[in-house]
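This chain uses plain numbering: 1 for the first residue, then up along the sequence.
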Amino acid sequence: MASKDVATKKYMRNPVIFADFFNGLIYGGKQVIDWATLEEIDTSMLSIIPTGNRKSKSVQKFRDIIKKSIIMKNDKIFYAILGIENQSDIHYAMPVRDMLYDALGYMRQVEEISVFNKIDGKCSADSYLSGFTKTDKLIPVVTVTLYWGDKSWDAPTSLQEMLTDVDDAVRPFINDYNINLFSIIDCEQLPSFSTELRELFSILNTRNDKTRMYELVQTNNKFTNLQRDTAELIRDFASVKLPRKNSGGGYNMCKAVMELKQEGIDLGLQQGIERGMQQGIEQGIQQTHLRDIKNITNKLGVSIDEALKILEIPENEWEKYKSMLK
């Protein structure tokens with residue numbers, strides 16, 4: 001599982017893929033986020049949290065991928081900190097986990113602004129304690145949980161879903177937190193991607209329905225020449241063998257999927273032959289027992305029960321043979 005986590009982080013960290021993912025998810029495929037403007041941010045989220053009595057506790061968490069982005073829209077510039085948390089397995093406490101990541105992201109900004117303000121002498125008496133002035137603003141933090149597993153996501157997607165029974169009078173005072181979940185296997189319609197994310201997510205979306213997978217690869221010729229990192233993720237998450245590199249330098253995953261189909265057909269035929277052979281053996285044994293029972297009852301003049309005992313046939317099969325002798 002560790003190798004899958006490393007592979008997904010490496011793949012989604014690619015700035016072209018990263019920008020395409022958020023452009024497809026947020027902007028319907030429009031190229032609003034330019035991959036060239038993305039700025040990598042240290043994934044280590046460290047903050048010092050006061051615990052009382054002049055004591056404090058350090059909290060450090062490591063994000064999967066986090067980048068600062070510039071968004072150009074209607075000749076206006078916006079900034080956002082975008083993060084991806086890759087999940088190969090379902091995480092039943094994901095709302096709390098993502099909430100902590102986002103909180104630490106905002107805390108880091110406050111701390112950095114505070115240090116700058118104090119050094120630059122911008123703090124008044126009212127703002128000196130926090131270091132954060134009335135005019136200071138934070139950059140929004142957006143975290144998306146990207147779920148790669150083959151089982152439908154059945155974990156909570158909000159903090160409220162994780163809480164025990166709540167007094168109705170108390171509920172309005174509880175702040176909720178919703179995660180941004182992108183579950184590949186649960187997508188009814190994938191966003192509009194312009195990179196190989198489209199082929200990758202499409203085939204992973206159909207991995208539990210081999211017929212749909214076969215039809216998919218036959219309707220898109222891009223599957224015949226995928227890059228290695230895309231092909232390897234298909235291999236890891238859809239259990240498709242990685243073919244040899246083709247003459248174009250890519251990997252023909254259409255051929256690999258069709259070979260998987262043929263293997264399934266061959267396996268089905270083999271299992272059918274084995275079942276048929278087993279059924280034939282069982283029928284042969286039954287016919288032999290029936291013949292022996294008739295011979296013993298006729299020649300020895302004993303009852304069918306006595307014949308069954310002589311042949312040492314298990315008692316749980318006696319009724320079956322008696323009904324066949326009627």
Would you name the heavy atoms of [X] and [Y] that are closest together and state the gap between them?
X      : Y      : result
Pro156 : Glu161 : CA-OE1, 3.6 Å
Leu204 : Ile185 : O-CD1, 3.5 Å
Tyr147 : Asp89  : CE1-C, 3.8 Å
Ala93  : Met162 : CA-CE, 3.7 Å
Trp153 : Thr145 : CH2-CG2, 4.4 Å
Ser88  : Asp5   : OG-OD1, 3.0 Å

Would you kindly confirm whether [X] and [Y] end up in one hydrophobic cluster when ILVMFWY residues are joined by side chain heavy atoms under 4.5 Å apart?
X      : Y      : value
Ile81  : Met72  : yes
Phe237 : Tyr214 : yes
Leu146 : Leu181 : no
Met253 : Ile184 : yes
Tyr101 : Tyr177 : no

Answer yes or no: is there a side-chain heavy-atom contact under 4.5 Å between [X] and [Y]?
X      : Y      : value
Phe18  : Asn14  : no
Leu216 : Phe223 : yes
Leu190 : Arg198 : no
Ile139 : Lys68  : yes
Asp102 : Val142 : no
Tyr321 : Ile304 : no
Lys255 : Thr224 : no
Asn225 : Tyr251 : no

[Y] backbone acceptor or donor facing [X] side chain under 3.5 Å:
X      : Y      : result
Asn117 : Phe132 : no
Glu317 : Ile313 : no
Asn23  : Tyr27  : no
Ser303 : Glu306 : yes
Tyr106 : Val141 : yes
Asp236 : Lys4   : no

Inter-residue atom distance [X].[atom1] - [Y].[atom2], 0.5 Å rounding:
X      : Y      : atom1 : atom2 : value
Thr195 : Trp35  : OG1   : CH2   : 13.0 Å
Ser158 : Met94  : OG    : CE    : 14.0 Å
Lys320 : Leu290 : NZ    : CG    : 9.0 Å
Arg207 : Ser239 : CZ    : OG    : 9.0 Å
Ser202 : Met213 : OG    : CE    : 11.0 Å
Ile179 : His91  : CD1   : NE2   : 10.0 Å

So which pairs with a foot in residues 9-24 pass salt bridge (Lys or Arg N to Asp or Glu O under 4.0 Å), sequence neighbours left out? Lys9-Asp64, Arg13-Glu40
Side-chain donor-acceptor pair under 3.5 Å between [X] and [Y], yes or no?
X      : Y      : answer
Thr143 : Asp98  : no
Asn205 : Arg212 : yes
Asp154 : Tyr92  : yes
Trp318 : Asp305 : no
Asp186 : Ser152 : yes
Asp136 : Thr133 : yes

Are there over 12 heavy-atom neighbours, none belonging to Lys322, within less than 6.0 Å of that residue's NZ? yes
Residue pair Leu200, Trp148: steps toward the side-chain contact (heavy atoms from CB on, under 4.5 Å) verdict: CA-CA 11 Å; Leu200 173 61; Trp148 296 78; 3.9 Å; yes
With side-chain contact (heavy atoms from CB on, under 4.5 Å) as the criterion, how do Leu82 and Ile66 come out once you've worked through the C-alpha distance, each side chain's angles and the decisive distance to 0.1 Å? CA-CA 6 Å; Leu82 306 176; Ile66 185 166; over 6 Å; no
Evaluation steps, side-chain contact (heavy atoms from CB on, under 4.5 Å), between Gln87 and Ser183: CA-CA 9 Å; Gln87 286 296 129; Ser183 173; over 6 Å; no
Tell me if the centroids of the rings in Phe182 and Phe201 come within less than 6.0 Å of each other. yes
Run the numbers on Asn178 and Thr157 for side-chain hydrogen bond (donor to acceptor under 3.5 Å, both in side chains), then give the verdict. CA-CA 6 Å; Asn178 297 285; Thr157 57; 5.5 Å; no
Asn252 vs Leu226, test: side-chain contact (heavy atoms from CB on, under 4.5 Å). Steps then yes/no. CA-CA 7 Å; Asn252 189 342; Leu226 294 179; over 6 Å; no
Between Arg63 and Glu85 (salt bridge meaning N to carboxylate O under 4.0 Å), is one present in this structure? yes
Report yes or no: is the cationic atom of Lys73 (NZ for Lys, CZ for Arg) under 6.0 Å from the centre of the six-membered ring of Phe78, at an angle within 45° of the ring normal? no
Which residue in the set Glu196, Arg235, Glu199 passes side chain to side chain donor-acceptor pair (under 3.5 Å) when paired with Thr230?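 Option passing the side chain to side chain donor-acceptor pair (under 3.5 Å) with Thr230: Glu196.
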